[in-house]
Amino acid sequence: MRVYFDIRAQGTSAYAGTETGGQMLHLAGLELGEQAQVRIKGRSYTLGDLVRLLIEFKNDDAGLLDDRDQLEIGRYLYAQTIARLPPAEQNKLRDASEVILHLASPDEQITRLPWVLLARDQDLLSICGWSVLLRGEPFVRPDDEGTIQLHHGLRAVELPPAPRLLVIAPQPTDVKGTDADAHLAALQEQLSSRDAHMQWGKHLRRVDDWDEFVAVLPEFRPHLIYYYGHGRGTEHRSELIFATHQGQARKIPVTGFAQCINQLEDPPRLVYVNCCQGDAAGYLGVGRQIKAPAVLTNRTKAVIPAAQAQAMALWEAVILKGRAPHLALQEVYQRTPELDLSLADVCWMTPVLYGQYAEWRANPPVKHWIKDDEWHLKVDRIHQFGTVSFLVREMLRNKRPRCLFFVWYGRAGEGIDLFHERLASELELDLPGATEVYPVNPAWPDHLADPTIAFREVTLEVFGVNSLEDIPARIRTQNQGERQVLTYLNHRPVITRPYASPEMLANTINPQTLRDYFDWCDRVYPDLLEPGQYLLVGISFVVKDPPRFRDWFRQAQRGLDLCNSVVRLLDEMENLAEEDLKDLFHLHKIPLPAARRDQVIKSILAKTKGRYELTIDELRNWLECGLAVEEEQQEDQGFRPFEV
């Protein structure tokens with residue numbers, strides 16, 4: 001959902017509206033001007049004071065800008081904008097999964113405010129699906145009758161396939177270093193490892209000094225521009241620090257930098273100026289001066305580790321994942337802990353986004369390397385699945401036992417629930433042709449005061465019958481002709497918690513109480529099931545200490561004597577290793593030379609530590625973004641691309 005705010009000069013009134021209508025609502029009595037008062041920790045500050053504090057931020061000011069202060073500032077901005085809308089519009093925004101706030105104002109003071117801190121109650125909206133796109137030009141225009149209408153003037157923007165990225169990274173010898181070489185080496189490795197076009201000298205170009213930038217810009221015709229270096233700004237002036245041929249610092253006004261970009265016949269889609277105080281100067285800042293559909297910059301001082309982490313995440317999202325800039329920025333905010341940033345750090349308030357687009361289309365490199373849509377269920381776990389498949393086939397061939405119980409376990413994130421999906425989707429293909437798999441998904445009882453009653457109730461519910469005796473008829477409805485039916489009771493994973501009391505232990509599903517369930521099924525089902533009907537029960541646990549769980553399970557089942565059933569504990573669902581991913585690449589004939597394949601695998605596992613679900617997500621990203629090298633490289637190394 002989109003909402004538009006056009007805040008008038010001095011911040012005392014605004015026109016607001018949503019994408020559902022053209023007429024704008026007039027809001028009066030706003031207190032967003034420079035002299036408006038905000039109370040923080042019992043003291044009053046003007047909004048002008050806060051803006052200047054952000055621009056001139058020093059470590060001594062950190063006590064004012066902690067996470068509580070940011071929340072208070074965000075609440076104030078929300079109260080002066082969104083909370084002024086009619087209740088019906090506020091409710092729509094509350095219910096929306098994604099909100100884009102387009103905020104325009106001719107007043108430079110308004111766009112300097114930290115809108116990323118918008119907060120509703122205790123929630124920071126930037127990590128709850130909200131994005132803020134700033135703009136200097138107005139959204140409103142009176143029609144012939146004088147009624148104020150929404151005229152946003154935004155347009156669709158497309159980032160072409162294999163975009164060209166111009167990187168500007170001055171390193172003058174007479175100013176403090178920015179660790180640019182290491183940062184750009186990491187950026188090039190990140191981009192080129194997924195898209196072979198993104199290499200220096202190809203679609204990735206670097207310049208350092210001003211004259212080189214002026215010469216290369218029109219010749220390279222970049223779709224994306226990234227400035228990484230020093231900037232200096234006040235309320236009245238912003239400069240970028242380039243280098244001369246001799247390596248000395250050369251101050252270039254933002255207006256001059258912007259003029260070069262604005263003269264391009266085909267303007268870049270996104271310009272990211274990653275420096276200190278790039279937007280400090282308001283009218284003369286990066287956001288208002290550069291005429292590109294999307295402009296990212298910092299309004300405060302930038303800390304090198306944070307600036308690099310944010311940039312890596314942003315370019316990954318925009319270039320490799322095809323995210324729109326506002327969604328890429330939202331992703332950065334949501335990944336604050338992962339990027340080792342703090343909500344209490346003033347640098348978290350940056351970057352800010354100026355947006356002139358209504359729709360962002362991207363063409364990230366995509367190659368459908370794998371035909372199997374369910375490949376993500378089948379990375380490793382070969383031994384566990386093989387055990388289930390073999391014993392089920394033996395049961396069907398020998399007509400005994402009538403019930404098979406399989407229990408598996410592992411830490412959170414190891415794909416415990418994905419193994420349930422794999423059994424439900426793949427097992428039927430692995431069984432004799434005369435077998436129909438009938439999956440049902442029972443819940444676990446809420447309490448086990450009387451296990452017999454508890455297990456009976458959930459069983460009746462999942463089969464949709466009134467009596468246990470009706471279960472065979474329900475299973476029979478799955479039988480096509482003479483086919484035998486394997487009913488798969490696919491239980492929801494049990495997420496273990498600390499057992500605070502003996503009563504809690506006795507009333508939750510765990511290795512100890514499972515004895516009662518095994519015994520109940522062993523007594524009930526064999527007498528119920530008709531010839532050709534068999535039962536497979538899948539039970540899983542998400543645990544913190546797998547070895548301890550394994551020992552507990554084995555101890556709890558010691559002496560268990562079932563007449564018609566077999567219980568088997570599968571091996572722990574462990575982290576994925578390099579060999580597991582090599583097997584995946586080999587099985588699906590993904591055409592990468594061994595050296596590059598090993599590089600990709602090591603990079604993935606270094607990021608995920610082998611955790612199954614994280615590794616699958618990372619593999620999916622790599623596959624979607626194109627793992628193969630360019631065609632000429634493929635031909636040089638003697639293999640052809642494999643595409644579906």
Side-chain angles (χ1 to χ4, degrees), residues 388 401-412 414 416-417 419-420 423-424 438-472 474-475 487-529 533-570 572-573:
V388 175
R402 303 303 296 277
C403 288
L404 276 176
F405 296 88
F406 290 99
V407 180
W408 58 93
Y409 62 101
R411 291 184 174 87
E414 294 300 346
I416 304 304
D417 53 344
F419 194 72
H420 282 278
L423 290 183
Y438 171 35
V440 291
N441 303 289
W444 287 111
D446 293 328
H447 58 83
L448 296 173
D450 188 327
T452 298
I453 295 177
F455 296 139
R456 180 178 180 276
E457 287 179 348
V458 297
T459 301
L460 294 177
E461 180 180 0
V462 74
F463 280 104
V465 296
N466 297 318
S467 169
L468 293 177
E469 287 71 23
D470 296 331
I471 290 177
R474 176 54 55 89
I475 295 175
T487 300
Y488 174 31
L489 292 184
N490 184 5
H491 282 282
R492 298 173 185 171
V494 178
I495 301 176
T496 58
R497 300 283 188 269
Y499 298 102
S501 66
E503 292 76 18
M504 182 180 178
L505 183 66
N507 272 289
T508 56
I509 295 298
N510 57 64
Q512 193 168 304
T513 54
L514 272 181
R515 282 184 66 108
D516 294 329
Y517 184 57
F518 294 152
D519 180 71
W520 184 83
C521 292
D522 187 64
R523 288 185 288 104
V524 170
Y525 281 110
D527 290 338
L528 285 177
L529 298 177
Q533 295 180 350
Y534 301 88
L535 187 68
L536 167 65
V537 185
I539 302 170
S540 63
F541 289 84
V542 178
V543 302
K544 289 187 175 180
D545 189 341
R548 185 179 179 186
F549 175 86
R550 180 190 61 234
D551 295 342
W552 182 19
F553 185 90
R554 290 175 176 172
Q555 177 67 29
Q557 308 314 314
R558 188 168 296 169
L560 180 67
D561 185 18
L562 303 178
C563 298
N564 303 287
S565 308
V566 170
V567 176
R568 176 63 65 90
L569 179 68
L570 299 178
E572 176 191 345
M573 302 288 177

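These figures come from a predicted structure and were not determined experimentally.
With hydrogens and angles ignored, the 3.5 Å screen pairs no side-chain donor or acceptor of N490 with any backbone N or O of V440. One N or O on the side chain of Q557 and one on the backbone of P511 form a donor-acceptor pair closer than 3.5 Å. For the pair R492 (side chain) and D417 (backbone), a donor-acceptor distance under 3.5 Å is absent.
The distance from atom CZ of R497 to atom NZ of K544, rounded to the nearest 0.5 Å, is 8.0 Å. Expressed to the nearest 0.5 Å, how far CZ of R515 lies from CG of L560 amounts to 5.0 Å. Distance check, rounded to the nearest 0.5 Å: CG of L528 to CZ of R402 gives 10.0 Å. Residue T452 holds its OG1 atom at 8.5 Å from CG of D519, rounded to the nearest 0.5 Å. Distance SG/C521 to CG/N564: 11.5 Å, rounded to 0.5 Å. Once rounded to the nearest 0.5 Å, the distance linking CD of Q512 with CG of L448 reads 11.0 Å.
At least one side-chain heavy atom of L529 sits less than 4.5 Å from a side-chain heavy atom of I475. Two residues are said to be in side-chain contact when any heavy atoms from C-beta on lie closer than 4.5 Å; S565 and F405 meet this criterion. Residues D522 and C563 have side chains in contact (heavy-atom distance under 4.5 Å, counting atoms from C-beta outward). By the 4.5 Å heavy-atom criterion applied to side chains, I509 and L514 are counted as neighbours. Two residues are said to be in side-chain contact when any heavy atoms from C-beta on lie closer than 4.5 Å; L460 and L468 meet this criterion. Residues Y499 and N510 have side chains in contact (heavy-atom distance under 4.5 Å, counting atoms from C-beta outward). T459 is listed as a side-chain neighbour of I471, based on a closest heavy-atom distance under 4.5 Å. The closest side-chain heavy-atom distance from Q533 to Y525 is not below 4.5 Å.
Closest heavy-atom contact between T513 and A506: CG2-O, 3.7 Å. Between L570 and V388, the shortest heavy-atom distance links the atoms CD1-CG2, 3.9 Å. Heavy atoms only, all atoms of each residue included: V566 and P401 are closest at CG2-CG, 3.8 Å. Smallest separation of non-hydrogen atoms from G538 and Y488: N-CE1, 3.7 Å. Closest non-hydrogen pair, R456 versus N466, comes out as NH2-O, 4.3 Å.
Counting non-hydrogen atoms of neighbouring residues, nucleotides and ligands closer than 6.0 angstrom, the CZ atom of R523 exceeds 12 such neighbours.
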Derivation of the side-chain contact (heavy atoms from CB on, under 4.5 Å) call for V567 and L562: CA-CA 9 Å; V567 176; L562 303 178; 3.7 Å; yes
Derivation of the side-chain contact (heavy atoms from CB on, under 4.5 Å) call for F518 and V537: CA-CA 10 Å; F518 294 152; V537 185; over 6 Å; no
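Taking the six-membered ring for Trp and thresholds of 30 and 60 degrees, Y517 and H491 have ring planes more than 60 degrees apart, a perpendicular arrangement. The aromatic rings of W408 and H420 lie tilted to each other, with the angle between the two planes from 30° to 60°.
When each of F419, Y409, F549, W444 is paired with F541, the ring pair (Phe, Tyr, Trp, His ring centres under 6.0 Å) condition holds for F549 and for no other.
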